[in-house]
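A, B, ... follow the sequence lines: proteins, then strands. Residue 1 opens every chain.
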Number of protein chains: 2
Amino acid sequence: MPYDPSAFPPFAVTVDLVVLTVRRHALCALVVRRGEPPYQGRWALPGGFVRIDEDLGAAAARELTEETGLHVQGPDDRHTGAHLEQLATYGDPGRDPRMRVVSVAHLVLAPDLPTPTAGGDADSVRWAPVDTLLPSGQPSGGGPDRSGEQPALLAFDHSRILADGVERARSKIEYSSLATAFCPPEFTVGELRRVYEAVWGVALDPRNFHRKVTGTPGFLVPTGGTTTRQGGRPAQLFRAGGATVLNPPMLRPEV
Amino acid sequence: MPYDPSAFPPFAVTVDLVVLTVRRHALCALVVRRGEPPYQGRWALPGGFVRIDEDLGAAAARELTEETGLHVQGPDDRHTGAHLEQLATYGDPGRDPRMRVVSVAHLVLAPDLPTPTAGGDADSVRWAPVDTLLPSGQPSGGGPDRSGEQPALLAFDHSRILADGVERARSKIEYSSLATAFCPPEFTVGELRRVYEAVWGVALDPRNFHRKVTGTPGFLVPTGGTTTRQGGRPAQLFRAGGATVLNPPMLRPEV
DNA sequence: GGAATAGTGTCTTTCAGACAGTATCCA
DNA sequence: TGGATACTGTCTGAAAGACACTATTCC
């Protein structure tokens with residue numbers, strides 16, 4: 001007997017946010033420190049309850065603004081704000097020790113930002129490189145020793161949510177123009193290449209990369225300006241083109 | 001103040017199922033006729049409430065078995081049962097006129113089956129070609145006139161859920177071996193090609209298709225047997241190989 | 001033999017990857 | 001001048017798409 005809401009079991013519904021950006025050549029995620037039990041003092045993904053008359057995506061956008069001051073890119077105002085999409089839903093019984101909580105995780109891709117101050121409390125929110133938050137993946141990625149940074153896993157099942165979000169970002173920038181969501185409104189080919197290198201954790205050939213992205217129709221639009229750089233030929237500035245799916249795609253190098 | 005479950009808003013959480021199969025060269029979805037208002041008499045996707053101590057995936061598998069008798073493929077028993085994965089979550093306020101219902105949609109890919117009899121009521125469940133359920137997409141796909149088959153849209157927001165599930169299936173068979181989930185345990189290259197043609201709604205070159213799928217490592221494993229066919233050279237029988245991601249992928253032809 | 005399906009080979013084009021070489025800045 | 005980054009061109013191999021051809025069955 002489907003859909004008999006008169007006798008439904010009581011659930012709490014929340015949104016959790018995987019907010020990713022690229023800072024100093026590293027893929028970073030936004031984490032907040034928990035002030036109350038359970039997992040008091042541990043880092044967790046930002047999130048909160050969905051209000052009773054609020055859409056899921058609206059709840060995610062509201063939590064994002066509350067935690068970071070970031071605004072979500074609407075369908076019209078391209079090249080400003082962040083990209084937001086639904087990621088997956090996590091509802092294992094026991095994922096929250098207090099009660100049954102179903103969390104609809106969302107993925108946010110944002111350009112580099114000043115360190116956020118959530119609710120005025122700067123100590124409780126930070127950007128953390130994802131390879132310090134996720135034990136698996138590439139254990140010795142690119143950087144030197146990172147002892148004492150972030151040994152403890154995230155609270156609840158947030159490590160798995162973060163891993164799913166990172167994998168989603170890694171695969172989506174192959175076939176879509178979403179990598180530009182990590183960039184400011186105007187950017188160079190080199191900056192875009194460093195986004196791909198940080199998200200994938202690989203080194204890409206600058207020559208072939210330049211030829212590919214400028215040859216993919218609708219991906220990049222030159223703005224006419226150039227950048228003054230430190231030591232090197234000035235680079236052309238681009239903004240994101242109208243294309244959302246890339247053809248041919250940017251293929252992630254594999255083993 | 002995240003995670004204060006003592007004052008959570010009350011939500012109902014359900015699972016809805018997009019069950020797809022290929023019958024008579026057409027991609028079909030499982031739909032059930034609603035017996036009560038709202039949308040009484042209209043077709044809808046199968047689904048139901050998540051129990052209070054039940055995982056989301058387990059709820060989807062249970063509903064699938066209750067509605068179709070189908071069993072879900074476990075991690076070990078390959079080549080038997082259906083493929084199930086989470087699709088997306090739909091929680092718009094007002095999607096159910098009675099109360100706030102958040103539905104975690106799941107996608108099921110199944111081989112061709114006898115027409116199910118849900119709860120003994122054969123009139124209330126059927127396979128319907130997806131192009132008779134979705135007005136958009138390719139309006140004049142391949143078949144002749146289909147007047148009077150399924151003019152009314154699905155109940156609730158199930159048309160959108162179905163469209164999302166179909167698009168997920170169309171893109172996933174490009175990069176994974178999931179097309180074999182539409183096939184019986186042993187199948188021929190021609191049967192697998194007809195699955196791709198039905199899901200994508202295109203015609204594929206039999207020669208190139210054969211060369212591609214047999215050349216992709218881990219996709220197909222010959223069983224040694226052959227099929228007696230009606231008018232034509234007997235075909236080799238294959239079963240699904242261990243590969244889950246296809247390299248190179250099966251690229252969907254575009255404009 | 002004719003129709004139908006299965007399977008192989010061959011050619012062309014496109015594209016990824018490697019890499020030589022030129023252009024233009026800063027120190 | 002040297003170093004660094006931006007950009008162009010060239011070569012090779014892999015693969016997609018088009019299609020000729022052979023193989024094996026049923027009628």
- Message: So A:W200 and A:M250, do their side chains get closer than 4.5 Å, heavy atoms only?
- Response: yes
- Query: Does B:T214 or A:P249 map to a spot on DNA chain C nearer the 5' end, using the closest nucleotide for each?
  - Reply: B:T214
- Query: Taking CG from A:L246 and P from C:dA16, how many angstroms apart are they, rounded to a whole number?
  - Reply: 11 Å
- Does the side chain of B:Y90 pick up a donor-acceptor pair with the side chain of B:D164 at under 3.5 Å? yes
- Using a cut-off of 6.0 Å, state whether more than 12 heavy atoms not belonging to A:R160 lie near its atom CZ. no
- Query: Within less than 4.0 Å of OP1 or OP2 of D:dA6, is there a side-chain N or O belonging to A:H210?
  - Reply: no
- Could you state the CD-P distance from A:E191 to D:dT5, rounded to the nearest angstrom? 13 Å
- Report yes if the side chains of A:L17 and A:L45 come closer than 4.5 Å at any heavy-atom pair, otherwise no. no
- Message: Heavy-atom nearest nucleotide on DNA chain D for A:R193 versus B:M250: which residue maps closer to 5'?
- Response: A:R193
- Task: Between protein and nucleotides 17-27 of chain C, map the contacts as a letter string: B base, S sugar-phosphate only, - none, heavy atoms under 4.0 Å, written 5' to 3'.
- Result: BBBBB-BBBS-
- What is the distance from CZ of B:F209 to P of C:dT5, rounded to the nearest Å? 16 Å
- Message: Tell me the interatomic distance from A:F187, atom CZ, to D:dA6, atom P, rounded to whole angstroms.
- Response: 14 Å
- Query: Can you tell me how far C1' of D:dC7 sits from CG of A:L237, to the nearest Å?
  - Reply: 15 Å
- Item | Distance under 6.0 Å and angle within 45° of ring axis: B:R126 vs B:W43 | yes
- Query: Would you say A:F219 and A:T180 make side-chain contact, with heavy atoms under 4.5 Å?
  - Reply: yes
